[in-house]
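The block underneath contains the structure these notes are about, expressed in structure tokens.
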Amino acid sequence: MSKSIYLLRHGQTTFNAQQRLQGHCNSGLTELGKEQASMIGASINRKIGNKKHWAVYCSPLGRAIETANIVCKELGIDSNLITTDERLKEFNLGDWEKCFIPDLVQNNPKLLSHRDWYLSAPNSESYESVVYRIKDFLHDDLIPDHLIVVSHGLTGAVFRGVYAAMSYSETFEQDLPQNAYFLLADHKISRIQCEVSVEAV
């Protein structure tokens, strides 16, 4: 695979801060989330050359679009050039969408002992379904070779897992950062850390 992909998760949202699950529902970025998006955009800006060679693809969910707009501002790329793609959406978390994580843990104290606990949600989207749509995206001949992709925590982990041919357990052992992003190139994954200012925390 010849593609070079900068892959990032959206910045912190109101639901993230409240420990509520989102899935296909949405909440806006917090001030910290906006700062995270800005810092990642500035970092990518220092790493890429001619911006005209890079395309920005984004999940159609609001928090990802908000993040992509901030990243594009840092890159000096017209936000009208962002392409939304359904294949980059977060897992549908079924009956648990909008639920508070502490409430779920109260009902099942051992819930968080499994890294893939999200997929225990009744009526949630399956791992296989998300693997299928990420594989479809990565092998789509219409997708450019130089990409900036704004997605989500769980879908981003699956994206990296598919790219690197990870096992199921390896996929869910990965972290889901909002203050770091990843370069996927030459069959390798590089993690790039970003630090937000103290004022934004």
Do [X] and [Y] belong to the same hydrophobic cluster, where Ile, Leu, Val, Met, Phe, Trp and Tyr are linked whenever their side-chain heavy atoms lie under 4.5 Å apart, directly or via other members?
X	Y	result
Val149	Leu81	no
Tyr127	Leu21	yes
Val162	Phe137	yes
Tyr181	Met166	no
Phe172	Val105	yes

Search all heavy atoms of [X] against all heavy atoms of [Y] and return the closest pair with its distance.
X	Y	answer
Ile65	Ser59	CG1-O, 3.5 Å
Ile77	Lys51	CG1-CB, 4.2 Å
Leu93	Ala121	O-CB, 3.2 Å
Ala37	Val71	O-CG2, 3.7 Å
Arg63	Asn26	N-OD1, 2.8 Å
Pro144	Tyr57	CD-OH, 3.5 Å

Pair listing, side-chain hydrogen bond (donor to acceptor under 3.5 Å, both in side chains) test, anchored in residues 107-123, at least two apart: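 Pairs touching residues 107-123 that pass the test: Asp95-Asn123, Asp116-Tyr168.
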Under 4.5 Å between any side-chain heavy atoms of [X] and [Y], yes or no?
X	Y	value
Arg133	Thr155	yes
Phe15	Lys98	yes
Asn16	His10	yes
Ile148	Ile48	yes

Just grab all the salt bridge (charged side-chain N to carboxylate O under 4.0 Å, His left out) pairs involving residues 80-91, residues at least two apart or on different chains.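 Checked against salt bridge (charged side-chain N to carboxylate O under 4.0 Å, His left out) - neighbours excluded - the pairs reaching residues 80-91 are Asp85-Arg87, Glu86-Lys89, Arg87-Asp136, Arg87-Asp140.
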Output the distance between atom [atom1] ([X]) and atom [atom2] ([Y]), rounded to the nearest 0.5 Å.
X	Y	atom1	atom2	value
Leu138	Ile143	CG	CD1	9.0 Å
Phe182	Arg9	CZ	CZ	10.5 Å
Leu75	Ile40	CG	CD1	11.5 Å
His146	Asn50	NE2	CG	10.5 Å
Leu147	Tyr6	CG	OH	12.0 Å
Leu154	Asn92	CG	CG	11.5 Å

Does CD belonging to Gln106 count more than 12 external heavy atoms closer than 6.0 Å?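 No, CD of Gln106 has 12 or fewer neighbouring heavy atoms, counting only those of other groups under 6.0 Å.
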[X] side chain to [Y] main-chain N or O, any donor-acceptor pair under 3.5 Å?
X	Y	result
Gln12	Thr30	no
Glu125	Gly94	no
Thr67	Gly11	yes

Under a 3.5 Å cutoff, is there a donor and acceptor pairing between the side chains of Gln22 and Arg20?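 No.
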Check step by step if side-chain contact (heavy atoms from CB on, under 4.5 Å) holds for Ile5 and Phe159. CA-CA 11 Å; Ile5 303 170; Phe159 195 112; 4.1 Å; yes
What verdict does the side-chain contact (heavy atoms from CB on, under 4.5 Å) test give for Val158 and Val131, after you've listed the backbone C-alpha separation in whole Å, the side-chain angles of each residue and the deciding distance to 0.1 Å? CA-CA 7 Å; Val158 172; Val131 166; 3.8 Å; yes
